Amino acid sequence: MLLDPAIRDWVLIPIMIVMVLVGVVRHQVTVLLNGTPKKADLKSARETKALQRCGLLRAHGVHIPEHAFHGRKAFLSEAFEKGTYLKETNTGNKPRGNVMQDPAYVETMMDGMKKNMMNIVPQTVIMGWINFFFSGFVLVKLPFPLTVRFKGMLQRGVETHDMDVSWVSSLSWYFLNLFGLQSVFTLILGSGHAADAMRDMQAMSTMGMGAAAGPNLSPTGQPQDMHKIFLAEKENLDLTEHEWGLENVETRLLVKYGKKPASVLLDQKKAKIAKLAGRQATKEFAAVAAPSAAAANASRKKGRRQV
């Protein structure tokens with residue numbers, strides 16, 4: 001199949017140029033809508049950073065010694081239980097007001113809706129323009145073979161079964177540019193540009209609710225109970241066991257280079273499990289024996305008093 005060279009000049013290149021220009025304009029408008037960045041609330045940032053610190057401890061606690069891990073674990077557990085990092089203390093019995101009457105929440109929600117509209121409207125207009133003027137066009141052939149599974153993705157709007165999968169339709173070319181021009185936008189606008197296709201897809205699915213959600217708001221826009229979140233994080237931290245990443249590192253190194261058999265590591269692991277099981281059994285026995293010993297001491301004191 002041969003393509004008219006005019007398709008390249010009047011369809012292929014114009015679609016790509018229009019999408020680049022629309023992305024640049026959208027970035028500039030988004031920057032204007034953002035205005036002056038607001039100062040972060042110190043107490044809200046403190047809550048978020050405390051949760052992040054606990055997550056980092058659970059994820060990367062193997063890189064610090066056991067005593068350091070347990071020290072941090074005890075400190076964070078106590079702080080979460082007492083509510084040390086809470087923005088507002090003693091809010092358990094405080095009735096929640098209507099979030100729509102909160103000016104900060106309303107302003108955040110409106111900003112999110114404006115940004116989402118700036119992301120959705122241009123892409124909707126471009127897609128309608130391509131469907132109206134270039135519906136059914138075949139624009140380009142990819143220089144490498146593909147399987148039949150790519151046919152639905154590369155030949156949208158072209159209902160043919162005999163055409164090779166490498167041919168790309170106009171609507172599929174739009175989607176390829178939508179996700180493939182990010183490097184061009186980064187080169188033109190910088191790393192922090194607002195012409196991000198992934199954010200466009202998220203905006204279409206959330207329609208402003210996710211963007212309006214701040215660090216203390218749920219995805220539905222409702223305020224979260226940070227004290228309950230801290231208690232849940234405390235439970236996750238209490239269930240986390242420490243495993244020192246450099247434990248038996250000498251033996252592992254010798255096993256790796258064939259100086260010792262691999263059974264040595266298995267024996268050490270079994271010995272460690274047996275040791276931990278013995279400690280757990282000792283703790284359980286002490287917990288069970290403590291009430292009995294207290295009752296025996298109480299009965300002895302009572303007998304002495306009677307005598």
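These numbers were taken from a predicted model, which means no experiment stands behind them.
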Q. According to a 4.5 Å side-chain heavy-atom criterion applied to Ile, Leu, Val, Met, Phe, Trp and Tyr, with indirect links allowed, do M163 and V148 form part of one hydrophobic cluster?
A. no
I'd like to know if the side chain of Q155 reaches the main chain of D164, judged simply by a donor and an acceptor atom lying under 3.5 Å from each other, with no hydrogens or angles considered.
yes
Are F134 and W129 close enough that their ring centers fall under 6.0 Å? yes
On a heavy-atom basis, the closest approach of G136 and S170 is N-OG, 4.4 Å
Subject >> Greater than 12 external heavy atoms within 6.0 Å of W10's CH2 >> reply: no
Subject >> Distance-only side-chain donor-acceptor flag, T186 / S183, under 3.5 Å >> reply: no
Check your understanding: Under 30°, 30 to 60°, or over 60°: which ring-plane class applies to H242 and F69, parallel, tilted or perpendicular?
Key -> tilted
Worksheet entry | Test item: E66 side-chain N/O and V62 main-chain N/O as donor-acceptor pair under 3.5 Å | no
| task | Kindly work out whether a path of hydrophobic side-chain contacts (I/L/V/M/F/W/Y, heavy atoms less than 4.5 Å apart) joins L12 to M153. | result | yes
Can you get from F179 to L181 by hopping between Ile, Leu, Val, Met, Phe, Trp and Tyr side chains that sit under 4.5 Å apart? yes
Item to check | Under 3.5 Å donor-acceptor, T240 side chain and N236 backbone | outcome: yes
Nearest heavy-atom approach of S169 to R156 is OG-O, 2.7 Å
In this structure, CG of L21 is separated from CZ of R26 (nearest 0.5 Å) by 12.0 Å
Exercise for review: Output yes when a side-chain donor or acceptor of S166 lies under 3.5 Å from a complementary backbone atom of P145, and no otherwise.
Suggested key: no
Of all heavy-atom pairs linking P261 and V255, the shortest is O-CG2, 3.5 Å
Between R72 and the options I64, L237, L56, the side-chain contact (heavy atoms from CB on, under 4.5 Å) test singles out I64
Worksheet item: Please walk me through it: do W173 and V140 pass side chain to side chain contact (heavy atoms under 4.5 Å, CB included)?
Response: CA-CA 9 Å; W173 178 248; V140 65; 4.2 Å; yes
- Task: Kindly work out whether a path of hydrophobic side-chain contacts (I/L/V/M/F/W/Y, heavy atoms less than 4.5 Å apart) joins L178 to I13.
- Result: no
Can you check whether I120's main-chain N or O pairs, donor with acceptor, with T124's side chain at less than 3.5 Å?
yes
Is F175 reachable from F132 through a run of hydrophobic residues whose side-chain heavy atoms are each under 4.5 Å from the next? yes
Check your understanding: Would you call E78 and K234 a salt bridge, using N to O less than 4.0 angstrom?
Key -> no
